[in-house]
Amino acid sequence: MILNAFLLAFRQIRRNFLRAFLTMLGVIIGVGAVIMMISLGNGTTKSISDKISSLGSNLLLVFPARVMNPSGANLRRSFSLDEAREARMLMLEYIEALAPISMSSMLVQYKAKNTTTQIQGIDASYFMVTQWESSEGRIFEDFEYRVGSNVCALGQTARKNLFGAENPLGKKIRLSNIVCEVVAVLEPKGQGGMGNDQDDVILLPMRAFMRSISKSNSLYSIDRLMIKVRDGVDSTEATSVLIKVMRKVRNVRSGEKDSFEVLDTKQVAQTLTSTTKMLTTLLGLVAGVSLIVGGIGIMNIMLVSVTERTREIGTRMAIGALQNEVLGQFLIESITLSSLGGIIGIIWAFFASWGLSVQMDLPFVFDIPTAIVAFVFSAFIGILFGYLPARRASKLNPIDALRHE
């Protein structure tokens, strides 16, 4: 019985294919829009998480803050190596490593090629904190950190700008007033959480940087501290302890504003991902409105279909068809229309989401549970908006129906 009802429904759709397709279009667009919005939102969330985690896991960043001196000037005092060492000693219980970083942007030359890139002075803790490995060559050795050898490691962007397809290992490049030997090419990291190109960088041992690159003779030449928190240590607790330690190390008096800023990448990632998830849900709900519009279209067409097929309904009821059978037939036709629209919408959303993800340089995340929910909802739309026309058909008087012109 049910199989025959579905066969009759497909026959009606085939008989009026264009009208059926236009009827399904609202459901197709509604289902497709919901799935696309959620897929792109999930891709954006994953992209943000990946970019932040590319800095390193369980990471705290410490930056110098702007403070007002007694004369009223707003200054930013960098950190010193002694402050970094003292903070490292006081935080041993909570952290695995603390890496001080000095930074400067300058013109780098190799033969006739040159590029402006960021130069960073680092110590041995840097690679432990960032978990950044070399794709070619080797990372710096202990004695190179100690004596400040003129060796350097290139990010992928810096390597491409200076050497193109040429092998850079063992080659000499000029940075300011020194010549530096390339000993490593780092693995690609891509865009950072702040939108910066993390691969457009050249790393040097800290002593070499301070001796030759740093333009200031001040002891305060450390621009950033990167801290890797121990596994199992709560980052919020570690941040609270770090603030107390840094206030002590920086001689910040009680009641004075902190001369530093602490950024917990884990909390930032959680905040950004929760925000994007909320926006994704909101966009999905907005897109879901078109499903309601599609349902109204199905109801209108089914009402037209009941009017067109009044004599057919009268004939069926005259030869013994029950009201429930007529009701079921029109409900099944409505569900078939909406379900077919849902299936087509899912297929369209899959390829459209993939294409947009490629264009927007986002990870392709197709949410199968969302697709299933959207399909079930599209079938429910068929029941909800098909019931009124189906009930109207089942309530027709057979004699009046047979007289209908």
key: Residue from Phe127, Phe140, Phe209 passing ring-ring contact (aromatic ring centres under 6.0 Å, His included) with Tyr145   =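 Exactly one option meets the ring-ring contact (aromatic ring centres under 6.0 Å, His included) with Tyr145, and it is Phe140.
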Which atom of [X] lies closest to which atom of [Y], heavy atoms considered:
{"X": "Ala65", "Y": "Glu261", "answer": "CB-CG, 3.7 Å"}
{"X": "Thr116", "Y": "Asp200", "answer": "O-OD2, 4.1 Å"}
{"X": "Val365", "Y": "Gly43", "answer": "CG2-CA, 4.0 Å"}
{"X": "Val233", "Y": "Ala238", "answer": "CG1-CB, 4.1 Å"}
{"X": "Met226", "Y": "Ile101", "answer": "SD-CD1, 3.1 Å"}
{"X": "Asn167", "Y": "Leu169", "answer": "OD1-N, 3.2 Å"}

Treating [X] as the side-chain partner and [Y] as the backbone partner, does any N or O pair qualify as donor plus acceptor under 3.5 Å?
{"X": "Asp199", "Y": "Lys189", "result": "yes"}
{"X": "Arg85", "Y": "Ser80", "result": "no"}
{"X": "Thr115", "Y": "Leu162", "result": "no"}
{"X": "Arg159", "Y": "Val185", "result": "no"}
{"X": "Asp223", "Y": "Met103", "result": "yes"}
{"X": "Arg138", "Y": "Val183", "result": "no"}

Going by an N to O cut-off under 4.0 Å, is there a salt bridge joining Lys113 and Glu166?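 Not counted as a salt bridge, because no side-chain N and carboxylate O are separated by less than 4.0 Å.
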Quiz item: Is it true that Asp123 and Arg88 have a side-chain N and a carboxylate O under 4.0 angstrom from each other?
Solution: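 Salt bridge flag = yes for Arg88 with Asp123.
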message: Which residue in the set Arg250, Lys248, Arg247 passes salt bridge (charged side-chain N to carboxylate O under 4.0 Å, His left out) when paired with Asp258?
response: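 It is Arg247, the one option of Arg250, Lys248, Arg247 that forms the salt bridge (charged side-chain N to carboxylate O under 4.0 Å, His left out) with Asp258.
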Rounded to the nearest 0.5 Å, how far apart are [atom1] of [X] and [atom2] of [Y]?
{"X": "Leu81", "Y": "Ser102", "atom1": "CG", "atom2": "OG", "answer": "7.0 Å"}
{"X": "Arg224", "Y": "Ile222", "atom1": "CZ", "atom2": "CD1", "answer": "12.0 Å"}
{"X": "Leu60", "Y": "Met91", "atom1": "CG", "atom2": "CE", "answer": "7.0 Å"}
{"X": "Asn161", "Y": "Thr117", "atom1": "CG", "atom2": "OG1", "answer": "7.5 Å"}

Counting only pairs under 3.5 Å, give me each side-chain donor-acceptor contact of residues 93-100, with atom names and distances, residues two or more places apart or in other chains.
none

Quick one: side-chain contact (heavy atoms from CB on, under 4.5 Å) partners of Leu175, sequence neighbours excluded?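 Residues passing side-chain contact (heavy atoms from CB on, under 4.5 Å) with Leu175: Met106, Val108, Ile119, Ile173, Ile178, Cys180, Ile202, Leu204, Ile213.
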**Item:** Lys172: partners by side-chain contact (heavy atoms from CB on, under 4.5 Å), with sequence neighbours left out
**Value:**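 Only Val179, Glu181 meet the side-chain contact (heavy atoms from CB on, under 4.5 Å) criterion with Lys172.
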request  = Would you please test Phe366 and Ile35 for side chain to side chain contact (heavy atoms under 4.5 Å, CB included) and show each step?
outcome  = CA-CA 8 Å; Phe366 188 76; Ile35 296 174; 3.6 Å; yes
Set out, in order, the CA-CA distance, both residues' side-chain angles and the distance that settles side chain to side chain contact (heavy atoms under 4.5 Å, CB included) for Tyr110 and Val182, then state yes or no.
CA-CA 11 Å; Tyr110 172 70; Val182 179; over 6 Å; no
Is any side-chain heavy atom of [X] less than 4.5 Å from a side-chain heavy atom of [Y]?
{"X": "Leu90", "Y": "Val249", "answer": "yes"}
{"X": "Phe143", "Y": "Ser149", "answer": "yes"}
{"X": "Phe351", "Y": "Ile347", "answer": "yes"}
{"X": "Met36", "Y": "Leu356", "answer": "yes"}

Look at the aromatic rings of Trp132 and Tyr126 and report parallel, tilted or perpendicular, splitting at 30° and 60°.
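Tilted: the ring planes of Trp132 and Tyr126 meet at 30° to 60°.
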**OP:** Apply the test side chain to side chain contact (heavy atoms under 4.5 Å, CB included) to residues Phe260 and Phe79: give CA-CA distance (whole Å), side-chain angles for both, the deciding distance (0.1 Å), then the verdict.
**Re:** CA-CA 9 Å; Phe260 56 89; Phe79 308 109; 4.1 Å; yes
